[in-house]
There are 2 protein chains.
Amino acid sequence: MVGRQGQGGGAGNKAGARRAGLDFPRPLTSVDIVIFTIRLEALHVLLVRRGHGEGEPFPDAFALPGGFVDVAKDDDLEACARRKLAEKTGVISTYLEQLGSWGSAHRDPRGWSATHAYFALIPASAAEAALAADAQWFPLAGISVKPNLAFDHAEILQAAVQRLRNKVEYTSLPAYLMPEEFTLPELQRTYEIVLDRPLEKSAFRTRMLSADLIEPIDKMRKGPNRPAQLYRLKAAAAPVYFARTFNAPE
Amino acid sequence: MVGRQGQGGGAGNKAGARRAGLDFPRPLTSVDIVIFTIRLEALHVLLVRRGHGEGEPFPDAFALPGGFVDVAKDDDLEACARRKLAEKTGVISTYLEQLGSWGSAHRDPRGWSATHAYFALIPASAAEAALAADAQWFPLAGISVKPNLAFDHAEILQAAVQRLRNKVEYTSLPAYLMPEEFTLPELQRTYEIVLDRPLEKSAFRTRMLSADLIEPIDKMRKGPNRPAQLYRLKAAAAPVYFARTFNAPE
DNA sequence: TAAATAGTGTCTATTAGACAGTATTAT
DNA sequence: ATAATACTGTCTAATAGACACTATTTA
């Protein structure tokens, strides 16, 4: 078995071609992105309609934006994800996190395939600006979305929603769904939309204000009521991890 | 762009072959596993020595166990990871979690390659039993390991250690590093080894005992002192997530 | 003035941290 | 008895949850 470990050995080269053998079948390699935003007081995900050319699996079905890695264009997986994100939404700088990978012999009828899934959060303000013609926002119904999705994309979407909801319990991720300037009640509303449950105002404010995350600006949000302080994300605002989840155990 | 989204379109097929075109170069696809155990009061990781056949990159270097996906043998990525885990350690059922994927044009001199990384926790008792001839345990020095690793495996290892340490703060993962039967002080010691810092005994015991994780058995661990209650993992013991990390914020 | 929302304060519950104190074994 | 480790209890600190209360605007 020497020479098979690491990326050292070949697979599927049972007969002959022992050394340096790279002459075995390779899986298809793709990247898919689950892009979230908040629209109309609801969490939305971006889907694209698939083509119906000859040999296209799942013709005309909806799918997550993504596609095959282009070994000429893409330097690495994240670059590939950012390229696809920009192509569909015009957004170039935003929160992007690797979600996981899904690979099997059966997920794509064209053969063994593996996809590297990412999830991205973009502000509502950017959600409509430069949307691709074939892309469309869908509200999340619980953990899934109305249309049937191509491939195993329903499963990937489910994992993304769970990961997002889970992390929102103890991180500042929703801040990346906000516009440039926002109030604390607006940020809290975003948390509540993602978590689908109300949060305590004072605990929320204490947590957000004691984290090194946002700073007040010299401006208020006016309304038919007491104006609210506007904040913005601090310059180098990496996501903040809190030491507790929001709800104490049952 | 219709017909290019999802896994629908081809990449790299700039010239001709428009529909159903799969005639573009595919990255190499591999799986690597970071296998942890506790030996001699220290966290260890399993490495294998690479071969030095013709065309082998990083000859004789140490690397994470892994290798190319075998589209004939492996039904999916996790099956591939479990197969490699079993080949190197003999362990078939243990904690296995996907860590992430690393893919780029430059990580393997043989071409664009993407690896799907997993991490596994195995009990000390199983760590020596059926070890492959080319595999060897190495203690972790901080976040890395003494030998230089092939490819970007040092980076992958680093990510695995960080993920493990991070999750140990608020999960029951160390339970998977324990033998069949263990005492609470032994479990605490395992936590402390992974986290590399002491924990408070009473807070630790309260947390573990109030989780639905372990159950006492009718047996004690004898020593030159007061005997300790032995416990075992409950039957369907999925990892437990606690609502707080161990250390309150600074 | 009333309505509406922003923001603060007070009290309780939970649990980690610190650490003292008791329990049970071998020698 | 002493040493050693297992285990429990007590007190404090931090923070979430509940909820009442005050503040500031428009109409």
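Chain letters run A, B, ... following the sequence lines, proteins first and then strands; every chain starts at 1.
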Practice prompt. Examine Arg244(B) relative to Tyr170(B) and say whether NZ or CZ is less than 6.0 Å from the centre of the six-membered ring and inside a 45° cone about the ring axis.
Written response: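 Output no; distance or angle outside limits.
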Discussion item. Does Arg163(B) qualify as a cation-pi partner of Phe119(B), given the criterion of NZ or CZ under 6.0 Å from the six-membered ring centre and within 45 degrees of its axis?
Written reply: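 No, Arg163(B) and Phe119(B) do not form such a contact.
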Fill in: Inter-residue atom distance Lys88(A).NZ - Leu46(A).CG, 0.5 Å rounding
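So the gap between those two atoms works out to 8.5 Å.
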Practice prompt. Give one of base, sugar-phosphate or nothing for Lys222(B), where a contact means two heavy atoms less than 4.0 Å apart.
Written response: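 Counting heavy atoms under 4.0 Å across all strands, no contact is made by Lys222(B).
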Tell me the interatomic distance from [X], atom [atom1], to [N], atom [atom2], rounded to whole angstroms.
{"X": "Met220(A)", "N": "dA4(C)", "atom1": "CE", "atom2": "P", "answer": "20 Å"}
{"X": "Leu209(A)", "N": "dA16(D)", "atom1": "CG", "atom2": "P", "answer": "12 Å"}
{"X": "Leu184(A)", "N": "dT24(D)", "atom1": "CG", "atom2": "C1'", "answer": "17 Å"}
{"X": "Leu199(A)", "N": "dA18(D)", "atom1": "CG", "atom2": "P", "answer": "10 Å"}
{"X": "Phe204(A)", "N": "dG17(D)", "atom1": "CZ", "atom2": "P", "answer": "12 Å"}
{"X": "Lys201(B)", "N": "dC19(C)", "atom1": "NZ", "atom2": "P", "answer": "14 Å"}
{"X": "Glu186(B)", "N": "dT5(D)", "atom1": "CD", "atom2": "C1'", "answer": "12 Å"}
{"X": "Gln188(B)", "N": "dA6(D)", "atom1": "CD", "atom2": "P", "answer": "9 Å"}

Practice prompt. Compute the ring centroids of Tyr231(B) and Phe182(B), then answer whether they are less than 6.0 Å apart.
Written response: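 Ring centroids of Tyr231(B) and Phe182(B) are no less than 6.0 Å from each other.
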Measure from the side chain of [X], starting at C-beta and using heavy atoms only, and say which of [options] lies closest.
{"X": "Gln229(A)", "options": "dT25(C), dT8(D), dG7(C)", "result": "dG7(C)"}
{"X": "Ser202(A)", "options": "dG17(D), dA18(D), dA6(D)", "result": "dA18(D)"}
{"X": "Arg244(B)", "options": "dT14(C), dA6(C), dC7(D)", "result": "dT14(C)"}
{"X": "Asn225(B)", "options": "dT25(C), dA16(D), dA16(C)", "result": "dT25(C)"}
{"X": "Arg205(A)", "options": "dT25(D), dA4(D), dG7(C)", "result": "dG7(C)"}

Item to complete: Identify, between Pro224(B) and Phe242(B), the residue whose nearest nucleotide on DNA chain C lies closer to the 5' end.
Response: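 So the residue in question is Phe242(B).
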Worksheet item: Counting heavy atoms not belonging to Asn148(B), are there more than 12 under 6.0 Å from its CG?
Response: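 No, CG of Asn148(B) has 12 or fewer neighbouring heavy atoms, counting only those of other groups under 6.0 Å.
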Item to complete: On DNA chain D, check which nucleotide each of Gly223(A) and Glu200(A) is closest to and give me the residue with the more 5' one.
Response: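 Going by which nucleotide is closer to the 5' end, it is Glu200(A).
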Worksheet item: Within less than 4.0 Å of OP1 or OP2 of dA4(C), is there a side-chain N or O belonging to Arg226(A)?
Response: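 For dA4(C), neither OP1 nor OP2 has a side-chain N or O of Arg226(A) closer than 4.0 Å.
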